[in-house]
Amino acid sequence: VISPVAAEMNEIRLQLAALRAPAGRGGRAPDAEIATEHSLMVQRLAMAGFSAELVVEIAAGAARRPGNPDIAVVEDLTSRIPIAPFVEMEPGEGRTLAFVGPPGRGKTISMVKIAVNMGLVRRVPVRIYCAGAHSIGAQEQGARLAAILGAPFQACESLSTLNLALNAENRQGLVLIDTPGISPADRSELAELQEFFTARPEIEKHLVLRSDASSADMLHMVARFSGLRPSRLLYTGMDEATRVAPVIETLIRGGIPATFAGTGQQIPEDLEEVNAARLARAVWASVTGEKLAQAAAA
């Protein structure tokens with residue numbers, strides 16, 4: 001009896017057979033060598049944790065690139081990962097970011113790290129809002145953190161109150177909105193939040209996910225929160241994730257770019273801007289042991 005995993009790997013090998021190069025000059029037939037190379041590439045991509053479908057796509061893309069096959073994999077992966085770098089704010093510019101997602105993913109801590117690193121350190125004014133019915137103590141935590149930062153803070157019991165507060169803003173500096181953790185099954189809260197964001201398209205919405213979850217779980221969350229039209233994915237717990245592949249697969253399959261990733265609980269140090277080439281090198285190094293510093297731009 002062939003196991004599901006073995007059957008899946010056989011199917012991948014069959015799909016990759018079409019990628020084998022024709023016979024070379026001088027009568028050389030490199031097919032066997034290339035087949036072995038592709039087989040190893042497939043095994044490593046599967047070991048990294050990518051789905052069978054994405055393994056085929058990456059291997060096919062890498063096969064079309066000349067040169068070192070390891071570098072080809074990294075370059076192909078890098079080209080697939082959607083990233084949205086945080087653009088430096090100009091004096092007088094206003095930008096509003098909201099953090100959404102299920103409870104327990106680290107929205108509040110991520111918001112505070114961004115307030116420091118993208119706002120206060122760069123001498124950009126920061127204002128923090130806590131919107132909706134948060135869990136017990138969440139508003140108090142937000143108020144304490146804002147007080148430590150010296151940033152104005154306002155708790156809004158409803159989205160209509162938040163809307164009024166935003167209308168009164170002078171729209172300069174970095175405005176950060178902490179929304180309550182919402183279960184993806186709570187349709188009424190999602191619908192209310194969707195209505196609010198539809199009326200305020202200028203808000204950049206970051207869907208916060210735990211990077212130590214499976215790609216299936218993360219893609220499920222992306223689908224359930226799709227009505228909010230998230231602008232970005234924000235990963236927390238990168239320091240706890242044993243695999244990078246689920247993060248990469250969610251970015252590729254979800255089609256939503258990432259800007260930030262949390263790498264620990266320290267504020268404000270444990271925050272980094274997501275780098276596609278770094279992610280690609282990390283996932284390939286995890287199964288090959290090769291750092292490939294020369295592959296793709298840092």
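Along the sequence shown, residues are numbered consecutively beginning with 1.
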Can you give me every donor-acceptor pair (side chain of residues 80-91, partner residue at least two apart or in another chain, under 3.5 Å) with its distance?
| unit_1 | atom_1 | unit_2 | atom_2 | d |
| --- | --- | --- | --- | --- |
| Arg80 | NE | Asp76 | OD2 | 2.6 |
| Arg80 | NH2 | Glu57 | O | 2.8 |
| Arg80 | NH2 | Asp76 | OD2 | 3.3 |
| Glu88 | OE1 | Arg122 | NH1 | 2.6 |

Is the side chain of Ser211 donor-acceptor paired with the backbone N or O of Val247 at a distance under 3.5 Å, no angle test?
no
Looking at [atom1] of [X] and [atom2] of [Y], how far apart are the two atoms once the value is rounded to the nearest 0.5 Å?
| X | Y | atom1 | atom2 | result |
| --- | --- | --- | --- | --- |
| Tyr235 | Arg105 | OH | CZ | 12.5 Å |
| Ser110 | His206 | OG | NE2 | 10.5 Å |
| Phe260 | Ile114 | CZ | CD1 | 4.5 Å |
| Lys107 | Leu209 | NZ | CG | 10.5 Å |
| Ile177 | Phe197 | CD1 | CZ | 6.5 Å |
| Arg278 | Glu273 | CZ | CD | 9.5 Å |

Taking atom types as modelled, is there a side-chain donor on Asp239 or Thr263 under 3.5 Å from an acceptor on the other?
no
Regarding Asn167 and Arg200, do their side chains bring together a donor and an acceptor under 3.5 Å, going by distance alone?
yes
When you group the ILVMFWY residues by side-chain heavy-atom contacts below 4.5 Å and let the links chain together, are Val121 and Ile267 in the same group?
yes
Do Met47 and Val55 share a hydrophobic cluster (ILVMFWY, side-chain heavy atoms under 4.5 Å, transitive)?
yes
Only pairs under 3.5 Å count here: list side-chain donor-acceptor contacts from residues 212-221, not counting sequence neighbours, and write none if there are none.
| unit_1 | atom_1 | unit_2 | atom_2 | d |
| --- | --- | --- | --- | --- |
| Asp212 | OD1 | Arg210 | NE | 3.2 |
| Asp212 | OD2 | Arg210 | NH2 | 2.9 |
| Ser214 | OG | Asp217 | N | 3.1 |
| Ser214 | OG | Asp217 | OD2 | 3.3 |

Quick one, [X] and [Y] - any side-chain contact, counting heavy atoms below 4.5 Å?
| X | Y | value |
| --- | --- | --- |
| Val222 | Ile256 | yes |
| Leu149 | Val116 | yes |
| Trp284 | Met41 | yes |
| Glu157 | Cys130 | no |
| Phe225 | Pro102 | yes |
| Val100 | Val208 | no |
| Ser51 | Glu249 | yes |
| Val73 | Leu45 | yes |

Do you know which two heavy atoms are closest between [X] and [Y], and how far apart they sit?
| X | Y | value |
| --- | --- | --- |
| Pro152 | Arg127 | CB-NH1, 3.0 Å |
| Ala115 | Leu176 | CB-CD1, 3.5 Å |
| Ala62 | Ala72 | O-CB, 3.6 Å |
| Ile203 | Ala98 | CG2-CB, 3.7 Å |
| Leu174 | Val124 | N-CG1, 3.8 Å |
| Ala261 | Met238 | CB-CG, 3.8 Å |

Decide, yes or no, whether a salt bridge links Glu204 with Arg95 under the criterion of side-chain N to carboxylate O below 4.0 Å.
no
Apply side-chain contact (heavy atoms from CB on, under 4.5 Å) to the pair Tyr129 and Leu166, showing each step before the final yes or no.
CA-CA 9 Å; Tyr129 290 93; Leu166 292 175; 4.0 Å; yes
With a 6.0 Å cut-off (strictly less than), is the heavy-atom count around CD of Gln265, excluding the residue itself, greater than 12?
no
Take atom CD in Glu195; do more than 12 heavy atoms of anything else shown fall under 6.0 Å from it?
no
How far apart are the C-alpha atoms of Val287 and Arg243, what are their side-chain angles, what is the distance that settles it, and do they pass the side-chain contact (heavy atoms from CB on, under 4.5 Å) test?
CA-CA 10 Å; Val287 290; Arg243 288 184 169 188; over 6 Å; no
Apply side-chain contact (heavy atoms from CB on, under 4.5 Å) to the pair Asp186 and Ser188, showing each step before the final yes or no.
CA-CA 6 Å; Asp186 194 331; Ser188 61; 2.9 Å; yes
I would like to know whether Val283 and Leu77 meet side-chain contact (heavy atoms from CB on, under 4.5 Å); could you show each step before the answer?
CA-CA 10 Å; Val283 74; Leu77 267 173; 3.6 Å; yes
